[in-house]
Amino acid sequence: MYSTFEGPKAPGPKGERDEKPEVSSAPSFEAPLRPKRQQVARACDSCRMHRIKCDNNVPCKNCVSRGEQCINKSPGERRTLPQAYREIDRLKQKVKELEEQLEKERSRSSVVSTATPPFALTPPGTSDCTSTPDTISVPYAAPAGGNQQVWGGVMSSTGQSPQKTWYGPSSLFYYINRMNTYLSAVFQQLHPDDLIQLKSVAKTFATPDCNPTGDDDKTNGKDVSQTVSNEAYLTPTQEEYFLNLYWQSYHPMLAIIDETEFRKHYRSLATQPGKPRKPSPLVDIVIAVSMQVGMAIAQRNSSRALSAIEVGKDDPSIAGRLYYRRCQRLLYNEQEAPTLMTVQCHMLSAVYTCCAAFQNMSHVALSLAVRSAHMLGLHTEPPSDLPTSTRDLHRRVWWSLYTFESKTCMKLGRPFYTDADSTSCSLPVHDHRVASLAGSDFALPDENTTWLTYTLYNCKLLLSARKVHTTFYDRYPEFYSGNTGRVIYDDPAALERYAEFLSTTMKPFDDWVGSVPDALKTKREGDGQPLSTDRSRIVVEQFVPPWLQRQRLLLELLYHILRLNLYRPFICFPSMVTESPSLGTMSLSHAASAAEHSIAVTHIFHHVVTNTDLLVGFHEAFQWQWNAALTLAGFLFAYPTSSIAGPVRESIDLSIVVFEDFGRSFGTSLGAATVMRDLAIKIDFLAELLRGSNPPAATPPSTQDPTAGQFTTETAVVPPASDVTFSQEPFAGSMDMAYSVDNSGDLEMLWPPIGNMPDQWWFHAQPPGLNGIGEGFPG
């Protein structure tokens with residue numbers, strides 16, 4: 001760098017800076033010494049942009065010559081190299097202080113209190129995995145009442161908005177985040193959660209009204225108070241069709257409405273002949289829910305193909321949205337003085353939004369239903385001065401709400417609204433006398449069973465599951481103190497003790513299975529046992545009413561889903577650290593149990609959808625199959641050499657067939673089939689690597705292009721690995737930096753070269769042993 005020497009200058013013209021640095025005048029004999037060049041406080045914006053020397057004049061000489069405006073936005077800020085070094089030193093010191101504070105907080109939080117948490121049905125906290133761009137891991141924290149370790153969740157964007165919401169460790173979204181973290185690590189390329197989340201209406205629109213959140217649609221979003229033309233609603237005969245469909249579809253599974261009283265109410269809404277009826281929130285939401293089922297049946301029987309790329313306004317999952325919107329507008333006026341009808345409407349609104357995949361809206365609707373029920377005192381024993389039929393209806397409404405809300409909160413991993421300790425209402429009755437007073441006329445399955453028996457045993461099943469769920473997650477601090485790592489996956493010994501504890505809490509499920517009457521069990525071929533994982537084929541009896549067949553199927557499917565959700569946290573994805581400790585026998589057994597229940601769910605669905613129309617339009621049932629399919633995929637990623645790997649892989653193929661069949665009714669299922677194909681390709685690819693028989697290029701398969709179009713049942717389930725075009729070559733080199741997948745996600749951990757992939761999978765890749773997973777892992 002060369003310096004220039006400037007002699008003293010005459011005073012500048014008006015407008016120059018008053019203060020100028022002095023320039024020393026050196027004698028000629030000191031010429032060899034390089035003079036100190038004149039320092040400029042800060043170059044103007046134009047000179048900095050052109051990277052040329054600026055003087056101290058305003059305007060500077062360069063700006064005057066170029067005819068530009070001389071501007072200095074930050075004249076007081078000095079940008080010199082010494083100042084940069086000082087700023088670096090200051091930041092280093094600040095980082096050191098923050099690290100010391102963090103270490104103190106960790107030491108303080110590692111002290112485990114043995115007291116029971118004051119209120120922690122599903123404790124919020126942290127994630128056991130590193131977040132992807134779609135998710136944010138929530139740092140663990142101690143509850144306000146003590147220094148207890150809690151098992152946290154992830155913040156994930158699951159809708160059309162980028163806004164993230166919290167999902168706990170029992171949720172499918174938490175499991176998706178763990179699996180995506182593993183896939184990103186193995187393939188050395190980002191695998192965001194959005195690749196595995198469903199392309200549902202909730203991903204396309206912000207609400208079931210099909211109004212996006214963009215500025216152009218803000219006017220329409222405020223249009224809720226406007227009146228919709230009568231031509232947009234159904235005719236009386238069309239409404240009657242969908243109302244009759246409701247009594248045969250949802251009503252036997254959700255007995256919260258007295259059919260006789262409802263029909264009287266519906267007749268009272270009639271006006272002049274040929275004129276539209278008066279609006280009613282209950283009638284509107286019943287029709288909306290029925291239209292979801294009815295339009296799915298109509299779509300299945302039509303020749304119109306749905307798109308697998310994006311779910312649009314014509315999807316059957318949001319059929320009846322005008323009725324849903326009018327119901328919500330009418331409910332707004334009942335907030336201060338709710339009635340039983342208000343609770344019923346909020347519950348059916350939760351059903352509608354759940355089936356449309358608006359999970360958070362469904363959760364909010366349930367919270368409104370619970371608070372309204374508390375205002376009416378439905379959680380207490382009904383007064384004795386009420387008619388018998390009304391008292392029984394109140395019990396059914398409360399316990400149906402209690403079980404619906406419990407199921408949703410366990411599914412999302414969030415705290416419960418309902419509280420068993422404050423509930424004094426007795427369980428619903430199901431005898432013949434009560435069934436005859438309930439307003440519906442259904443045949444009696446046998447002398448001890450009525451159409452209301454399902455409500456009782458569905459309630460008992462959810463009560464058993466909630467008891468196990470609450471006990472399991474509340475006791476987490478007793479098994480993991482935080483001394484090893486940051487979550488329980490960092491401590492295999494603690495994880496094994498936790499798995500052993502779960503085994504001791506599962507008895508309520510076994511007791512429930514033994515109490516279910518035969519009339520509510522789906523029969524099996526041969527010696528197969530109902531409500532089991534023996535993989536025996538189900539028998540759909542030919543001359544049984546559809547409502548009873550649905551009751552049997554949905555009861556067994558829900559049983560398997562609840563159990564697999566409890567076992568799934570023990571599916572541990574392999575760490576890429578070669579000296580990781582092995583998993584315990586009970587942890588491996590629970591992982592296998594999660595897979596077995598997922599296989600049972602898939603086999604039941606495959607038999608039903610390929611032979612009957614019983615579950616057409618039941619969108620929540622589809623969500624159960626999606627839950628099971630992803631559990632199977634994650635199991636194979638974690639345990640590729642398990643003795644049940646073959647049946648699990650076959651079940652993944654069956655799940656794709658199920659999704660394609662559901663896809664004939666609504667577009668979201670076609671997207672699910674696409675995702676499962678992509679995961680199946682990755683599973684086969686990694687299995688080939690593990691067996692040492694590499695595909696043509698040792699590279700991960702690229703994600704399938706969603707623009708491939710629609711899928712039909714004739715489409716090949718999974719293309720061979722050799723037919724897949726691979727995009728890059730990440731397995732040829734070594735990873736610069738990564739993390740233990742199911743550990744705390746410390747980015748300071750370096751991975752060994754991955755070119756020898758089978759050697760890195762020793763953690764879960766041992767010969768099959770006990771429980772079909774493997775044994776004899778090195779200690």
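We're numbering straight along the sequence, starting at 1.
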Min side-chain heavy-atom separation S400-L254 under 4.5 Å
yes
Please determine whether side chain to side chain contact (heavy atoms under 4.5 Å, CB included) holds for the pair R300 and I297, giving the CA-CA distance in whole Å, both sets of side-chain angles, and the decisive distance to 0.1 Å.
CA-CA 5 Å; R300 182 181 179 87; I297 297 174; 5.7 Å; no
Side chains of T455 and R396: any donor to acceptor distance under 3.5 Å?
no
In terms of ring plane angle, is the pair H430 and Y457 parallel, tilted or perpendicular, where the classes change at 30° and 60°?
perpendicular
Do E334 and P281 make a side-chain contact, defined as non-hydrogen atoms from C-beta onward lying under 4.5 Å apart?
yes
For I257, which of L393, L340, L348 qualifies under side chain to side chain contact (heavy atoms under 4.5 Å, CB included)?
L348
Quick check: do L452 and P428 have side-chain heavy atoms less than 4.5 Å from each other?
no
Can you tell if the side chain of Y454 reaches within under 4.5 Å of the side chain of M253, non-hydrogen atoms only?
yes
Does the side chain to side chain contact (heavy atoms under 4.5 Å, CB included) test come out yes or no for F605 and L557, once each step is laid out?
CA-CA 9 Å; F605 269 112; L557 288 170; 3.7 Å; yes
Kindly indicate whether a cation-pi arrangement holds for R321 with F205, taking the cut-offs as under 6.0 Å to the six-membered ring centre and within 45° of the axis.
no
Would D284 and R325 pass as an ion pair if we require N to O under 4.0 Å?
no
Y402 vs C459, side chain to side chain contact (heavy atoms under 4.5 Å, CB included): CA-CA, chis, key distance, verdict:
CA-CA 8 Å; Y402 187 97; C459 177; 5.9 Å; no
Atom CG of N244 with >12 non-hydrogen neighbours under 6.0 angstrom
yes
Establish, yes or no, whether a centroid distance under 6.0 Å links the rings of W451 and H251.
yes
Can you tell me how the ring of W151 sits relative to the ring of Y473, calling it parallel under 30°, perpendicular over 60° and tilted otherwise?
tilted
R263 with E259: basic N within carboxylate O range, under 4.0 Å
yes
When you look at CD of Q238, are more than 12 heavy atoms from neighbouring residues, nucleotides or ligands closer to it than 6.0 Å?
yes
Rounded to the nearest 0.5 Å, what separation is found between the CZ atom of R414 and the CD atom of Q359?
9.0 Å
Taking atom CD of Q292 and atom OH of Y352, what is their separation to the nearest 0.5 Å?
5.0 Å
In terms of heavy-atom contacts, does CE of M295 have more than 12 from other residues, nucleotides or ligands at under 6.0 Å?
no
Less than 4.5 Å apart, any side-chain heavy atom of F442 and any of Q248?
yes
Is there side-chain contact between P252 and Q551, with at least one heavy-atom pair below 4.5 Å?
yes
Apply side-chain hydrogen bond (donor to acceptor under 3.5 Å, both in side chains) to the pair S156 and T158, showing each step before the final yes or no.
CA-CA 6 Å; S156 181; T158 57; 5.9 Å; no
Give a yes/no verdict on a cation-pi contact between R568 and Y175, requiring under 6.0 Å between NZ or CZ and the six-membered ring centre and an angle within 45° of the axis.
yes
Taking the side chain as everything from C-beta on, heavy atoms only, tell me whether L554 gets closer than 4.5 Å to W624.
yes
Before we go on, tell me: are the rings of W247 and F262 under 6.0 Å apart, centre to centre?
yes
Side-chain H-bond candidate by donor/acceptor type, E239 with Y323, under 3.5 Å
yes
Aromatic plane relationship, W398 with H374 - under 30° parallel, 30 to 60° tilted, over 60° perpendicular
tilted
Within the structure provided, determine whether R466 and E405 are in side-chain contact (heavy-atom separation under 4.5 Å).
yes
